[in-house]
Number of protein chains: 2
Amino acid sequence: MALTAGELDARHVSRRGIESQRKIIHAAAVCFMRHGLEKATVDEIAQELGSTKGRVYHHFASKNEIYLEVYRQAMEYCFDAVLPLLDLDIPAPEKLVRMATAHGHVMMDTLPFQRTIRLGVDVYLRGSATEAERKVLSGLIAMRNDYEALYRTVLQQGQSAGTLSVPSVALAGRMIMGALNGLVDWYRVRPEQTWDDRDRIAASLAEMIVGGLRAD
Amino acid sequence: MALTAGELDARHVSRRGIESQRKIIHAAAVCFMRHGLEKATVDEIAQELGSTKGRVYHHFASKNEIYLEVYRQAMEYCFDAVLPLLDLDIPAPEKLVRMATAHGHVMMDTLPFQRTIRLGVDVYLRGSATEAERKVLSGLIAMRNDYEALYRTVLQQGQSAGTLSVPSVALAGRMIMGALNGLVDWYRVRPEQTWDDRDRIAASLAEMIVGGLRAD
DNA sequence: GTGGAAACATACTCATGGGAATGTTTTTGC
DNA sequence: GCAAAAACATTCCCATGAGTATGTTTCCAC
């Protein structure tokens, strides 16, 4: 399931090259967030790096490939933040709140990446993608589904344990994802904002979301 | 606040012309949903109508103008469905559930329009828009905010009446919108689906969302 | 220290699609 | 019923931006 970086293209190995790739991905995410997937040009991404197109196309075969890598990175951020929480030995409602809070943090901390995903998702790449690219995209969409499944698992556990009252696990999962991902639509980074400020947002949001699912 | 159709351009008046505009808007929404805002070409929109570019550009000055009109239409669908419910003399929690359910229905019934909004929102039009177009966009964004304010009003009423427990009205409003609008990301139209099926989705979703805000 | 490959920059090609210009038909006001 | 304006269709222009080809420089292996 885990798609290793560079699946489309196994040329790059050097340490410096990897670092350059990372920077390109990050610059691309910022540009995608600013101007959208199409309006953001490869030249602009290069400029964001204080560089030129040549550098970008040396590391990536196409703009699509860059987008896919941003997508993958965004998903990895989510998994890294939430996976550890699954092992916690706490009641399902509390675990859900913890997971949702963590997800909220990721949304705010990696905003350009998460925003990029929302901008196109499946609609981008339609037609104008190679067969290989489409396969990678399918894998990423599956990855996203796997991520949502983490929440459904806990929902199911809570339902079985009687700590949660969930009419439809699938629908509840959708609801949770929607409410949390909505963050990227309205959250704006403010320099003076502290971690505590963001934590209040994430925790409060998580509590409201899970609150509607608690068994009373 | 209410922006009348054709604000950008007051040429069109005839009954037939209006009808043609409506069809163009609808075809555009479908195309935008299918291929995204940029990938959807004006030629494709025309083809969706069984027509050509000439027709489209006779009624609209630019592709941007079409997008703005789709946006406005989407918002009108929302207002039309929810505004009447505000006069209902029922407790805030119940009213919220009714509003949320109605909104859910609109999301599913006018999917192409609602999906189009999410595809670009503020990010689309950046730079490549005339001053007039940007002003219209500002109005539409304000309209969207006014819509969310409807929910905040009821939230505040419930808070005051003690029927709701809302730590942050602003945040709760965001949460509700996010959870409901998320519908357009995963909902797929199925021919065999009845109104009752959709109502179960909308009602169940609404109940989960508001459930977390009830005063216990 | 030198050959060669990786890591870029520079300069080009070329398809695409928005929009304008222009022609043709249909409708409508009088 | 006849101008004339609206409602289209057809054709063309041209800016834009993805991708390529070809340099030039930097880095590392040996």
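Letters go in sequence order (proteins before strands), and every chain restarts at 1.
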For nucleotides 23-25 of chain C, tabulate all protein N/O to nucleotide N/O atom pairs closer than 3.5 Å, reporting atom names and distance.
none

To the nearest 0.5 Å, tell me how far B/L171 CG sits from A/L205 CG.
5.0 Å
Do the side chains of B/P112 and B/R34 get nearer than 4.5 Å, heavy atoms only?
no
Residue pair A/T41 / A/E44, side-chain heavy-atom distance below 4.5 Å:
yes
Quick one: are the ring centres of A/Y147 and A/H103 less than 6.0 Å apart?
yes
Got a donor-acceptor pair under 3.5 Å from the side chain of B/K53 to the base of C/dG19?
yes
Just how far, in rounded Å, is P of D/dA18 from CD of B/E38?
11 Å
Just wondering, are more than 12 heavy atoms of other shown residues or ligands nearer than 6.0 Å to CZ in A/R98?
no
Between CG on residue A/D196 and CD1 on residue A/I201, distance to nearest 0.5 Å
11.5 Å
For the helix from C/dG1-D/dC30 to C/dC30-D/dG1, figure out the bend between the end axes, five pairs an end, and round to 10 degrees.
30°
Could you tell me how far apart B/L49 (CG) and D/dA7 (P) are, to the nearest whole angstrom?
15 Å
From C-beta outward on A/R55, which listed nucleotide comes closest to its side chain: D/dA7, C/dG19, C/dC8?
C/dC8
Given atom CG of B/N64 and atom C1' of C/dG19, what is their separation to the nearest angstrom?
12 Å
Would you say that A/M177 contacts B/W186 through its side chain, given a criterion of any heavy-atom pair below 4.5 Å between the two side chains?
no
B/Y187 OH to B/Q193 CD distance, which is reported to the nearest 0.5 Å:
4.0 Å
Between C/dA21 atom P and B/Y57 atom OH, what is the distance in whole Å?
13 Å
Would you kindly give the NE2-to-C1' distance between B/H59 and D/dA6, to the nearest whole Å?
9 Å
Carboxylate-amine/guanidinium contact B/D185 A/R174, below 4.0 Å:
no
Given C/dA7, D/dA18, C/dG18, identify the nucleotide with an atom nearest to the side chain of B/V42.
C/dG18
Considering every strand and a 4.0 Å limit on heavy-atom distances, what is the contact class for B/A46: base, sugar-phosphate, or nothing?
nothing
Can you check the B/Q47 CD to D/dA9 C1' distance for me, whole Å?
15 Å
Ion pair check, A/E148 and A/R152, cut-off under 4.0 Å
yes
Select one nucleotide: of D/dG19, C/dC8, C/dG19, the one nearest the side-chain heavy atoms of A/K63.
D/dG19
Can you tell me if A/H58 touches the phosphate of C/dA7, counting only side-chain N or O atoms and a distance under 4.0 Å to OP1 or OP2?
yes
Among the candidates C/dG17, D/dG19, D/dC8, find the nucleotide nearest to the side-chain atoms of B/S51.
D/dC8
Rounding to an integer number of Å, can you tell me how far B/D43 CG sits from D/dT10 P?
12 Å
Phosphate OP1/OP2 of D/dC8: any B/S20 side-chain N/O under 4.0 Å
yes
Does A/T41 place a side-chain N or O at less than 4.0 Å from the phosphate oxygens OP1/OP2 of D/dT16?
no
Over how many whole Å does the gap from A/E65 atom CD to D/dA18 atom P extend?
15 Å
